[in-house]
Amino acid sequence: MPQNKKHHFVPKFYLRNFSGDGKSIGIYNISSQRVISKGNLRNQCYRDYFYGKDLTVEHALAGMEGAAAELINNTILKNEAVPRPFSAEHIILSHFIVLQAARTSYEADAMAESTDKLFKTIYRGQFDDLDQYEIGFEDPVLMSLQVASRMVPAVYDLKIKLLRNDSGLGLITSDNPIVRHNQHFEGNEHAGHTGLGQAGLQIFLPLSPKYLILLYDAQTYKIGEKNCRVVTISSSDDVAALNELQWLNAHENIYFSEGEEASVHAQALRAVRRRRDEKTSVKEHPLANREPDPEPETTRGLLHEFRPGLDVRLKVGFMKIRRRPKHQRHDFRPAPERDSDYSDLVEEFGRLLAAKKVAPEDFFAFAAKHRPATPR
């Protein structure tokens with residue numbers, strides 16, 4: 001086999017934390033409804049040359065994985081140590097989470113689906129039989145990673161807590177393990193609300209059957225005690241609710257530790273039927289009070305592309321929506337930005353990063369120069 005042919009889009013070090021022996025892992029394949037109690041861990045979550053044959057991106061991701069593995073395994077899991085705001089560990093965790101979400105087979109398919117829908121919406125009236133074709137890019141995952149790499153600072157303002165599972169029911173994961181949710185805006189089917197800079201954002205990542213790292217908008221949610229960075233979960237119902245996020249977010253497979261077969265089977269019966277077929281949504285909004293279009297047989301409007309929310313009403317005892325969140329819910333509009341000034345700062349830095357005028361590590365110096373305070 002050629003060297004580095006197998007490109008894993010979920011790192012082996014991560015899946016190994018759900019394995020009893022470091023070599024096998026429990027698998028539930030969603031389409032076949034088949035359970036494999038001891039699947040080969042090395043053969044999970046990969047595609048051949050997924051990031052290209054020149055291996056540049058693969059090597060860069062491998063370097064990021066090494067730093068993340070050290071942090072997750074030897075600091076967070078071993079010592080229950082949560083990264084301090086704006087520390088080196090915080091930056092490593094933020095990069096891992098944002099880029100991991102952008103590098104999966106699910107995200108590649110979602111990017112391809114989004115591109116196809118956008119182009120077909122734009123050119124629907126100009127070409128016949130568009131539905132016979134799939135319109136997209138050759139390597140959508142590379143575009144996804146390129147965009148995500150510029151957006152990492154958008155999550156620096158989110159608060160981080162570690163959830164410790166003492167319920168007796170193990171946490172599960174999937175081939176698309178980073179779950180972006182927005183409990184404050186859930187049920188809003190008219191617009192997106194899980195953008196990295198949007199108010200009410202929650203990011204869930206199970207780290208093992210016992211631990212889950214959570215990033216969240218602290219101006220919207222209250223989680224555990226104010227100064228406690230580790231929150232204990234003793235309710236199996238709360239763990240089941242967190243597991244349901246994985247069921248609804250997964251691409252093809254759920255992964256679990258040995259001994260969880262019965263609970264995985266039971267939850268599959270409830271959760272699989274609520275999984276969405278579409279990964280993206282594209283809506284066209286005509287422009288109100290516009291001048292007549294100078295070109296005949298053309299229309300003008302706004303296109304809104306977003307990721308539909310998960311079909312879940314998340315209720316867990318350890319997390320509450322604040323009585324007076326900074327941003328109020330709107331049922332027919334996207335969630336607003338958590339901090340519009342900070343979002344503008346991230347966007348400008350992203351443009352400079354794309355132009356290779358700055359490096360990722362320059363962000364805090366850039367922020368200090370252009371804004372008096374660092375993100376909250």
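Note that these values count all heavy atoms, side chains included, but never hydrogens, waters or copies made by symmetry.
- Using modelled atom types, one finds no donor on one side chain facing an acceptor on the other under 3.5 Å when comparing Ser19 with Tyr255.
- Within the 4.5 Å cutoff, the side chain of Leu214 has no heavy atoms near those of the Ile160 side chain.
- Of all heavy-atom pairs between Ser343 and Gly197, the closest is OG-O, 4.3 Å.
- Of all heavy-atom pairs between Gln183 and Glu186, the closest is O-CG, 3.2 Å.
- Heavy-atom minimum distance, Leu77 versus Ser208: CD2-OG, 4.2 Å.
- Taking the side chain as every heavy atom from C-beta outward, Val57 and Leu142 approach each other to under 4.5 Å.
- Side chains of Asp175 and Asn253: a donor-acceptor N/O pair is absent below 3.5 angstrom, by distance only.
- Distance CZ/Arg322 to NZ/Lys222: 7.0 Å, rounded to 0.5 Å.
- In terms of modelled atom types and a separation under 3.5 Å, the side chain of Asp217 and the main chain of Leu158 share no donor-acceptor contact.
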Legend entry - Chi angles and distances behind the side chain to side chain contact (heavy atoms under 4.5 Å, CB included) call for Val155, Ile97: CA-CA 9 Å; Val155 304; Ile97 286 176; over 6 Å; no
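- Side chains of Ser94 and Phe86 form no contact here, defined as non-hydrogen atoms less than 4.5 Å apart.
- Nearest approach of His8 to Gln44, heavy atoms of both residues: CD2-O, 3.1 Å.
- For the atom pair Glu252 CD and Ser174 OG, the distance stands at 11.0 Å (nearest 0.5 Å).
- Listed for the His327 side chain is a donor-acceptor partner under 3.5 Å among the backbone atoms of Glu337.
- For Ser167 and Asn165, the side-chain atoms include at least one donor-acceptor pair closer than 3.5 Å.
- With ring centers used as reference points, Tyr342 lies 6.0 Å or more from Tyr156.
- Once rounded to the nearest 0.5 Å, the distance linking CG of Leu248 with CG of Asn176 reads 11.5 Å.
- When Arg274, Lys315, Arg270 are each tested for a salt bridge (Lys or Arg N to Asp or Glu O under 4.0 Å) with Glu244, only one passes: Arg274.
- Counting non-hydrogen atoms of other residues, nucleotides and ligands closer than 6.0 Å to CZ of Arg42 gives a total of 12 or fewer.
- A donor-acceptor contact closer than 3.5 angstrom links the side chains of Glu260 and Ser263.
- Using a 4.5 Å heavy-atom cutoff, the side chains of Lys159 and Leu215 are not in contact.
- Under a 3.5 Å cut-off, the side chain of Gln198 and the backbone N or O of Thr194 do form a donor-acceptor pair.
- No side-chain N or O of Asp166 forms a donor-acceptor pair with one of Ser234 less than 3.5 Å apart.
- Donor-acceptor pairing under 3.5 Å is recorded for the side chains of Ser37 and Glu261.
- With hydrogens and angles disregarded, a donor-acceptor distance shorter than 3.5 Å links the side chain of Gln328 to the backbone of Pro325.
- With values rounded to the nearest 0.5 angstrom, Ile213 atom CD1 is found 11.5 Å from Lys161 atom NZ.
- Atom CG in Leu41 sits 8.5 Å away from atom CG in Asp21 (nearest 0.5 Å).
- A continuous path of hydrophobic side-chain contacts links Phe50 to Phe96 [ILVMFWY only; heavy atoms under 4.5 Å].
- A perpendicular orientation is assigned to the rings of Tyr28 and His265, their planes being inclined by more than 60° (bins at 30° and 60°).
- Interatomic distance, CG of Leu93 versus CD1 of Ile72, reported as 6.5 Å (0.5 Å rounding).
- Under the 6.0 Å distance and 45° angle rule, Lys369 does not count as a cation-pi partner of Phe366.
- Around atom CD of Gln33, no more than 12 heavy atoms belonging to other residues, nucleotides or ligands sit under 6.0 Å away.
- Contact check for Val10 versus Gln100: side-chain heavy atoms found under the 4.5 Å cut-off.
- In this structure, Lys6 forms a cation-pi arrangement with Tyr46, its terminal cationic atom sitting closer than 6.0 Å to the ring centre and no more than 45° off the ring axis.
- Within a 6.0 Å sphere centred on CZ of Arg47, other residues, nucleotides and ligands contribute more than 12 heavy atoms.
- Considering only heavy atoms from C-beta on, Leu196 comes within 4.5 Å of Arg180 through its side chain.
- Glu70 places no side-chain N or O within donor-acceptor distance of the main-chain N or O of Gly66, the cut-off being under 3.5 Å.
- The main-chain N or O of Ala271 is never found under 3.5 Å from a side-chain atom of Arg275 such that the two would form a donor-acceptor pair.
- With respect to the salt-bridge test (charged N to carboxylate O, under 4.0 angstrom), the residues Glu89 and Arg84 do not qualify.
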Legend entry - Residues Trp247, Val264; criterion side chain to side chain contact (heavy atoms under 4.5 Å, CB included); working and verdict: CA-CA 10 Å; Trp247 282 103; Val264 166; 3.7 Å; yes
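- His184 and Thr220 share no side-chain donor-acceptor pair at under 3.5 Å.
- Side chain of Ser87 to backbone of Pro83: no donor-acceptor contact under 3.5 angstrom is found.
- Here the closest non-hydrogen pair linking Phe18 and Ile172 is CE2-C, 4.1 Å.
- Val82 and Leu171 are assigned to two separate hydrophobic clusters, defined by single-linkage of ILVMFWY side chains at heavy-atom distances under 4.5 Å.
- Hydrophobic cluster membership is shared by Tyr211 and Ile25, with clusters built from Ile, Leu, Val, Met, Phe, Trp and Tyr side chains linked at under 4.5 angstrom.
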Legend entry - Derivation of the salt bridge (charged side-chain N to carboxylate O under 4.0 Å, His left out) call for Glu80 and Arg229: CA-CA 9 Å; Glu80 291 190 346; Arg229 300 171 68 79; over 6 Å; no
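- Within the 4.5 Å cutoff, the side chain of Val239 has heavy atoms near those of the Ile233 side chain.
- With respect to Arg103 and Glu65, a salt bridge is recorded, a charged nitrogen being found less than 4.0 Å from a carboxylate O.
- Although no hydrogens or angles enter the test, the distance criterion places no donor-acceptor pair under 3.5 Å between the side chain of Arg338 and the main chain of Asp157.
- Between Asp48 and Lys5 there is a salt bridge, since at least one side-chain N of the basic residue sits less than 4.0 Å from a carboxylate O of the acidic one.
- Phe363 and Phe349 have their aromatic ring centers within a separation under 6.0 angstrom.
- Side-chain contact check for Arg164 versus Lys210: some heavy-atom pair is nearer than 4.5 Å.
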Inset, instruction - Walk me through it: do His251 and Tyr106 pass the test ring-ring contact (aromatic ring centres under 6.0 Å, His included)? - result: CA-CA 5 Å; His251 192 196; Tyr106 180 98; 5.7 Å; yes
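- A donor-acceptor pair is defined here as one N or O able to donate and one able to accept, closer than 3.5 Å; no such pair exists between the side chain of Asn29 and the backbone of Val35.
- Between Asp238 and Ser236, the side chains place no donor N or O within less than 3.5 Å of an acceptor N or O (distance only, hydrogens not considered).
- Looking at Asn243, its side chain does come within 3.5 Å of a backbone N or O of Gly170 through a donor-acceptor pair.
- Residues Thr104 and Val141 approach most closely at O-CG2, 4.3 Å, considering heavy atoms.
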